[in-house]
Amino acid sequence: MKKIFSSLLILFVLSASGQNVSQFKDVPASDVVNELSYINGNKYQKDALLFMDMLASTHPYYIKADKREVLLSRLDGLLAECAVCKTDSEFVKLLRAAMVEVRDKHTEVIDAESLPRFDKLLDEMFVRMEDNAIATLIVDVQYNNGGSSKLCDELLDRLCPLSELRMLDSYMRFSPLLALYNPKAGQAMKAWEEAGHSDELYPVPQKRMQIPEHKYYEGKVVFIQGPRTFSSAGILITTARDNNIGTIIGTESTFSPSHYGEVLPFRLPNTGVLGSVCTKYFERADKEHADDRSLVPDLVLELDNKPATWRKIIRMYASKK
């Protein structure tokens, strides 16, 4: 939704969520099913073993042996807690605690059992902006915890030619779970490993969207980020920063500029607990700051008091040309 002032337009970019349970596949069986701890365990212990094995073999963060060792060092404690676990909700909390290092917000476990076309909205919005001589566009993603990066590209392409932007590089981690969803990825995994690539991420070729040529917005652009900004919204902010597009205001990010994505849903077969795990690593274009843990805004602005915050933002930008 959007709200127009005399010289200012604010685009609230919100997210939509929802899971189709039929898309989830059971975590594939591994060697752990032959271990006594699995054979003699309760349903929570069985699925804890499958979960930790799947996470260690799937998520890009754990492709390095030392990081896997940290994860798996928690297994005995996790199994002990699962022995006295009474509910699925308790079990989910235990699994979340076990993967404390992962901060991508896609890798998750779940204890619970149409938007309009964005390109058309943008076309109409920018025509109205030109007709009304809008001097400043504010893109508010402080409540956006993810969605489709293609929509972010649609917006960015109205601000600068997409072909000129430095984009994030992406890397795939092959795994049995990925092969279950994508047999071609399983074939690629075999070829990658046979070529001698052990504990290495596979570089994914960049594919840029083909968007017809159009006018580009020449006014001021301001992005608002907050503690709930994640995933594709974080990619939007990071790409804007790395390409010097606009000004970023708000709080220091809780997302990492280089982060994880490409979510695979899974189901733990003994408990029916659902979850998701990432299989791609996205590295920001600014390689000098690729390992930064957060993105600091150009202007730090507390967002807790919404009315006061918006009065300040409007005073700062509404009358500026």
Side-chain angles (χ1 to χ4, degrees), residues 1-16 114-170 206-226 228-250 253 255 257 259 261 282 284-286 295 297-299 301 310 313-314 316-321:
M1 54 184 169
K2 51 189 183 294
K3 185 173 182 179
I4 297 180
F5 295 85
S6 58
S7 60
L8 173 74
L9 185 139
I10 304 167
L11 176 65
F12 298 96
V13 184
L14 305 177
S15 62
S114 77
L115 296 172
R117 282 188 52 169
F118 194 52
D119 57 342
K120 299 300 183 184
L121 182 148
L122 290 176
D123 288 342
E124 296 171 3
M125 184 185 79
F126 280 101
V127 168
R128 292 181 63 191
M129 289 171 65
E130 184 175 10
D131 292 344
N132 289 275
I134 299 299
T136 303
L137 169 65
I138 296 182
V139 182
D140 183 1
V141 292
Q142 60 178 303
Y143 304 112
N144 189 308
N145 59 11
S148 171
S149 296
K150 292 182 179 180
L151 303 187
C152 299
D153 290 348
E154 289 278 4
L155 174 59
L156 288 169
D157 191 66
R158 268 68 176 184
L159 309 178
C160 177
L162 205 60
S163 60
E164 297 179 8
L165 295 182
R166 297 192 302 159
M167 309 297 281
L168 280 75
D169 294 313
S170 62
Q206 282 195 9
K207 292 182 179 180
R208 293 181 182 261
M209 294 176 59
Q210 299 296 320
I211 300 178
E213 291 188 7
H214 47 69
K215 282 187 175 181
Y216 297 98
Y217 180 63
E218 297 180 355
K220 182 185 294 294
V221 182
V222 179
F223 297 89
I224 306 177
Q225 71 176 24
R228 300 182 191 177
T229 303
F230 287 109
S231 190
S232 293
I235 289 178
L236 174 67
I237 296 290
T238 301
T239 304
R241 166 62 61 80
D242 290 353
N243 288 277
N244 300 310
I245 298 175
T247 301
I248 301 169
I249 67 175
S253 76
F255 67 83
H259 62 285
F282 297 95
R284 70 185 297 184
D286 183 359
L295 192 149
D298 299 304
L299 172 65
L301 190 65
W310 277 110
I313 292 173
I314 291 170
M316 291 169 58
Y317 297 108
S319 61
K320 291 185 178 181
K321 302 292 184 182

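Only a predicted model underlies this, so the values are computations on that prediction, with no experimental measurement involved.
In this structure, Arg158 pairs ionically with Glu154, as a charged nitrogen and a carboxylate oxygen lie closer than 4.0 Å. The pair Asp298-Arg241 meets the salt-bridge criterion, since a charged nitrogen lies less than 4.0 angstrom from a carboxylate oxygen.
Within the 4.5 Å cutoff, the side chain of Val222 has no heavy atoms near those of the Leu299 side chain. Side-chain contact between Met125 and Met129 is present, with at least one heavy-atom pair separated by less than 4.5 Å. With a 4.5 Å cut-off on side-chain heavy atoms, Tyr216 and Pro161 count as touching. The shortest distance between side-chain heavy atoms of Met167 and Ile235 does not fall below 4.5 Å. Under the 4.5 Å side-chain criterion, counting only non-hydrogen atoms from C-beta, Thr238 is not in contact with Phe282. Under the 4.5 Å side-chain criterion, counting only non-hydrogen atoms from C-beta, Phe126 is in contact with Leu159.
Heavy atoms only, all atoms of each residue included: Phe223 and Gly246 are closest at CE1-CA, 4.4 Å.
Counting heavy atoms of neighbouring residues, nucleotides and ligands inside a 6.0 Å radius, atom CD of Gln206 exceeds 12 of them.
In terms of modelled atom types and a separation under 3.5 Å, the side chain of Gln225 and the main chain of Leu295 share a donor-acceptor contact. Formation of a donor-acceptor pair under 3.5 Å by the Tyr217 side chain with backbone atoms of Cys160 is not found in this model.
Taking the side-chain hydrogen bond (donor to acceptor under 3.5 Å, both in side chains) definition, one finds that Glu164 meets it with nothing, sequence neighbours left out.
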